[in-house]
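Only one structure is covered here, and it is reproduced in the block below.
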Amino acid sequence: MADKEKFIEAINAGYTHKGDSIILGAGILDGAPVEGLQIKAPLKMMNRHGLIAGATGTGKTKTMQGIAESLSAKGIPCLLMDVKGDLSGLAQEGAINTKIEERSKSIGIKWKQHAFPVEIYSISNDAGVRMRATVSEFGPVLFSKILDLNDTQAGVVSLVFKYSDDKQMPLLDLKDFKKVLQFLTNEAKAEIKGDYGAISTASASTILRKIIEVEQQGAEQFFGERSFEVEDLIRIDNQGYGYLSIVRLTDMQSKPKLFSTFMLSLMAEIYATFPEIGDADAPKLCVFIDEAHLIFDTASKALLDQLETMIKLIRSKGVGIYFVTQLPTDIPAAILSQLGMKVQHALRAFTANDRKAIKLTADNYPLTEYYNTEELLTSLGTGEALITVLNEKGNPTPLAHTLLCPPRSRMDILTPEELNTLVSKSNVVKKYNEVIDSKSAHEILTDKLAAHIEETAEEDSAKEQKKENDEPGMIEKAVTSSAGKQVMRTAASIITRSLLGAIGIKSTTRRKKKSGWF
């Protein structure tokens, strides 16, 4: 039996913060919550990223929902990647029941049902505000990393971007990029050789195949206009609540490359757009990525390096990234080491590999005299978790077995009718759901090639006409030919004889006389 007074003292010392904070739950000792012993996370450190992990059915999604609610209530907007389609209930009030009342009393909070300001987004044909980005906005480096190209192929991509910029041909969607690449490989091959360099057919073919690969995962719906403006993620409603922007990604489990592309482009755009704010009293935006393993399972080393760099740098913009997954080992070690908050739900020990994963997970948490962490990981109840956060000085807090706060919004999804109503009332849906097809590289080159073909056809027609005009006619050909000349001489002789005969002179007599002159 652990020393309760000592435990309360340690928890109070670790989780009492000077600045503003959110309540995560109540501390548990020897299997029972200590009433009023609250586990809190300081807002000042919420830009230091975090992890929510645990086996299926242990409450990860509800934990994410509850933390997002608490941040929204503090005026902090959140972006939530909803891969399973579980989070739309944030837009509706929850319902009270006995379990919620008991849990709230144990934690020492007053539970009140509440609906939160929600915006539904989509990068596919799902209902919601469309999120898009142009190829130009990616730039050659990021675009090459997404396609997992080698240095030579990446050089070709840079050439395409440079040529398009020089010729003022916007690269808005994938068909623009493909059109320029094909043009430079064929019609403009000789033109670019001196100023830009040659493009090998092998490199061009590989790049096209890579583009087709991401197109098959739906990327053609993501690339294009109108580009999403990340400032729309940090809106506050008229009651001071931060908007909860939910991106519906229910079909992304079969499209991991598109998911990685979307996430990386979004974080890059946030980093490029948001100003530096350093260590502010509260984050500007918190991003929750459900089923985070989808990003890392198929990511190339170049893409992982880019993500690691982004995680390290983006916190200075006031942005916290929270990964939600089954095992901490789903996250690369270099990124896992950057995550300040850790919320660990129960794990299952069915196999030897499971037991090994549990041991590795236990080693990721601070040592504690109050729990056997490795054993506790397999016995945590639903809605319970092991928690450690960073205090305001940046030090890890003591590991706390925690009874988590219940969400105040609906712990179920919206009906299709409710979802459509929510989307139709959106203030930004008209801004982004309008289909725009501006004149870009594809149209410019198509017009240019069509004009060239027409001009060539006209030139060929003119040459043919001139040739026809310059060629002699049938009669002229007949007259100037050898046979024609002979015919003409014969005809002339006949005509001459006829004329002489008409005036009484015989040609034979003339010949005889002529013959006597010599």
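In this chain, numbering begins with 1 at the start of the sequence shown.
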State whether the number of non-hydrogen atoms from other residues, nucleotides or ligands found under 6.0 Å of [X] atom [atom1] is greater than 12.
{"X": "Gln168", "atom1": "CD", "answer": "no"}
{"X": "Asp281", "atom1": "CG", "answer": "no"}
{"X": "Asp151", "atom1": "CG", "answer": "no"}

Answer with yes or no whether the side chains of [Y] and [X] bring together a donor and an acceptor at under 3.5 Å.
{"X": "Gln326", "Y": "Thr56", "result": "yes"}
{"X": "Gln65", "Y": "Ser409", "result": "yes"}
{"X": "Glu374", "Y": "Tyr365", "result": "no"}
{"X": "Thr351", "Y": "Asp354", "result": "yes"}
{"X": "Tyr370", "Y": "His401", "result": "no"}
{"X": "Glu276", "Y": "Ser316", "result": "yes"}
{"X": "Gln344", "Y": "Thr361", "result": "no"}

Using 30° and 60° as the class boundaries, would you call the ring planes of [X] and [Y] parallel, tilted or perpendicular?
{"X": "Phe143", "Y": "Phe138", "answer": "perpendicular"}
{"X": "Phe222", "Y": "Phe262", "answer": "perpendicular"}
{"X": "Phe228", "Y": "Tyr432", "answer": "tilted"}

[Y] and [X], any side-chain heavy atoms less than 4.5 Å apart:
{"X": "Leu386", "Y": "Thr402", "answer": "no"}
{"X": "Arg315", "Y": "Arg48", "answer": "yes"}
{"X": "Gln221", "Y": "Ile123", "answer": "no"}
{"X": "Leu80", "Y": "Val247", "answer": "no"}
{"X": "Leu149", "Y": "Val157", "answer": "yes"}
{"X": "Pro398", "Y": "Pro366", "answer": "no"}
{"X": "Met310", "Y": "Ile321", "answer": "no"}
{"X": "Leu142", "Y": "Leu264", "answer": "yes"}

Looking only at non-hydrogen atoms, find the nearest pair between [X] and [Y] and report the distance.
{"X": "His17", "Y": "Pro42", "value": "NE2-CD, 3.4 Å"}
{"X": "Ala55", "Y": "Leu347", "value": "N-CD2, 4.1 Å"}
{"X": "Met46", "Y": "Cys286", "value": "O-SG, 4.1 Å"}
{"X": "Ile314", "Y": "Tyr271", "value": "CA-CD1, 4.1 Å"}
{"X": "Gly27", "Y": "Ile39", "value": "N-CG1, 3.8 Å"}
{"X": "Ile236", "Y": "Gly75", "value": "CD1-O, 3.2 Å"}

Without swapping roles, check the side chain of [X] against the backbone of [Y] for a donor-acceptor pair under 3.5 Å.
{"X": "Ser72", "Y": "Ala68", "value": "no"}
{"X": "Lys342", "Y": "Leu339", "value": "yes"}
{"X": "Glu375", "Y": "Asn372", "value": "no"}
{"X": "His49", "Y": "Gly340", "value": "no"}
{"X": "Asp330", "Y": "Leu327", "value": "yes"}
{"X": "Gln92", "Y": "Gly89", "value": "no"}
{"X": "Glu384", "Y": "Gly381", "value": "yes"}
{"X": "Asp363", "Y": "Leu360", "value": "no"}

Using 4.0 Å as the upper bound for N to carboxylate O, is an ion pair formed by [Y] and [X]?
{"X": "Asp290", "Y": "Lys84", "answer": "yes"}
{"X": "Arg209", "Y": "Glu215", "answer": "no"}
{"X": "Asp412", "Y": "Arg410", "answer": "no"}
{"X": "Lys431", "Y": "Glu229", "answer": "yes"}
{"X": "Glu308", "Y": "Lys312", "answer": "yes"}

Check your understanding: Quick check, are the ring centers of Phe177 and Phe223 under 6.0 angstrom apart?
Key ->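 Not under 6.0 Å, so no.
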Exercise for review: Could you go through the side chain to side chain donor-acceptor pair (under 3.5 Å) check for Ser426 and Glu119 one step at a time?
Suggested key: CA-CA 7 Å; Ser426 167; Glu119 196 75 70; 2.4 Å; yes
Revision key, fill the gap. OG1 of Thr325 to CD1 of Ile52, rounded to nearest 0.5 Å, is 11.0 Å
Point to revise | From Thr61 atom OG1 to His345 atom NE2, the distance as rounded to the nearest 0.5 Å | key: 9.0 Å
Exercise for review: Scan Lys44, Lys40, Lys74 and name whichever one has a salt bridge (Lys or Arg N to Asp or Glu O under 4.0 Å) with Asp20.
Suggested key: Lys74
Review point. How far apart are the C-alpha atoms of Thr206 and Ser203, what are their side-chain angles, what is the distance that settles it, and do they pass the side chain to side chain donor-acceptor pair (under 3.5 Å) test?
Key: CA-CA 5 Å; Thr206 300; Ser203 293; over 6 Å; no
Study note, to complete from the structure: side-chain hydrogen bond (donor to acceptor under 3.5 Å, both in side chains) with Tyr15: of Thr397, Thr388, Asn391, only one passes, and it is Thr397
Practice item. Quick one: do Phe323 and Phe288 satisfy ring pair (Phe, Tyr, Trp, His ring centres under 6.0 Å)? Show the steps, please. Key: CA-CA 6 Å; Phe323 296 99; Phe288 293 83; over 10 Å; no
Point to revise | Cation-pi, Tyr243 ring and Arg235 (6.0 angstrom, 45 degrees) | key: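 Yes, Arg235 lies over the aromatic ring of Tyr243.
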Exercise for review: Measure from NZ or CZ of Lys284 to the centre of the six-membered ring of Phe274 and say whether it is under 6.0 Å with the direction within 45° of the ring axis.
Suggested key: yes
